[in-house]
Amino acid sequence: MANENVWTRKHLIGIEELSREEVEMVLDTAPQFLAVQDRESGIKKVPLLQGRLIANLFMEPSTRTRISFELAAKRLSADTLTFSASSSSTKKGETLHDTLANIEAMKTDLVVIRSPFAGAPALLTESHTSNIINAGDGYHEHPTQALLDTFTMRQHIRKLREDDTATLDGVRVALIGDISHSRVARSNIWALKKLGASIILCAPETLIPMNIQKMGVEVTSNLKEAMTDADVVYALRIQMERQASSLFPSLREYIRLFRVDNESLKHAPDNALIMHPGPINRDIELASDVADCNRSLVLEQVSNGVAIRMAVMHLLANSAQPTDQE
Ligand code: CP
């Protein structure tokens, strides 16, 4: 747990175990790093992690998260190593523990890991010395995605309300799409609940986990109901690669009932924010013209992601040890 205004965790594995204060500490640390990437001088670097070695270990495909972590590390002046499953010796049967032990033998300070296996990053914290950041593990969590999403929501709610202290308390967020297979949904639910938002999930019944209401969310399969009164309409990717069998009758049926498009958005308030974590299946869960419209925050989420990841790396690398741990 965090003491007041002091970050004490060594690792970032999930949002579930964070307190509201810890989530807010990351969100409140990010603006100074946003300012770095927007500097008029064009010099987008600070020396906060100079001399530290950060390894990005991606065992699953990624565009945004991998590049964002790499860029965040470089902007903090750290040295970086980035490698993927296809180019590492895990292809030859080496275990993840052995891979990490070998990386640590080269004196890494911080390891960012994306794994197809839920729980893999947490397991690695038990026997390795580096700070570990979960960059997405199976269906479990994608904590930095939820942090950048809630940061982006809060930033826009503050603009809309012309109040730079506004919080997400009472803000209504509709999460629409493949909830069952989504670590992004799970991390966002944890983060939004901690920050006081109200959440409605919308998907075909087959894409909603059993008993998810226990997390304190509303659930519907009616898109109109989900959109009504939503401050944020957040579309989730249909994860074809994670579905063992087709969980809805056809894509055409899914699009008719669940796509976020100009027609369905008529049910949402005119100023509802539109978000998606990427990668987008264009014209399936999100219509192309909506993804690209001026209400869409999709690319702003990506920009904010670098600042959030700089904030996370900075806090972990300078955490007050050793009173922490999940
Ligand atoms: N949002 C997200 O995690 O995207 P990538 O899979 O491209 O990293």
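All ligand and atom numbering here is 1-based and tracks the order in the structure. Please read all numbers here as calculations on a predicted model, not as lab measurements.
Below 30°, between 30° and 60°, or above 60°: for Phe58 and Phe69 the angle between ring planes is between 30° and 60°, a tilted geometry.
Two rings, from His140 and Phe117, have their centers 6.0 Å or more apart.
The option with the heavy atom closest to atom 6 (O) of ligand 1, from among Glu60, Arg114, Arg64, is Arg114.
Between the side chains of Asp109 and Asn131, no donor-acceptor pair of N or O atoms lies under 3.5 Å. Checked by atom type, the side-chain pair Thr80/Glu70 shows no donor-acceptor distance below 3.5 Å.
Taking any N or O of Gly278, backbone or side chain, at least one lies under 3.5 Å from an N or O belonging to ligand 1. At least one N/O-N/O distance between Thr63 and ligand 1 falls below 3.5 Å.
When the options His156, Met153, Gln155 are evaluated for a side-chain contact (heavy atoms from CB on, under 4.5 Å) with Leu297, the one that passes is His156.
Set against the non-hydrogen atoms of Thr65, the atoms of ligand 1 under 4.0 Å away are 2 (C), 3 (O), 4 (O), 5 (P), 8 (O). Residue-ligand proximity, Pro277 to ligand 1, at heavy-atom distances under 4.0 Å covers atoms 1 (N).
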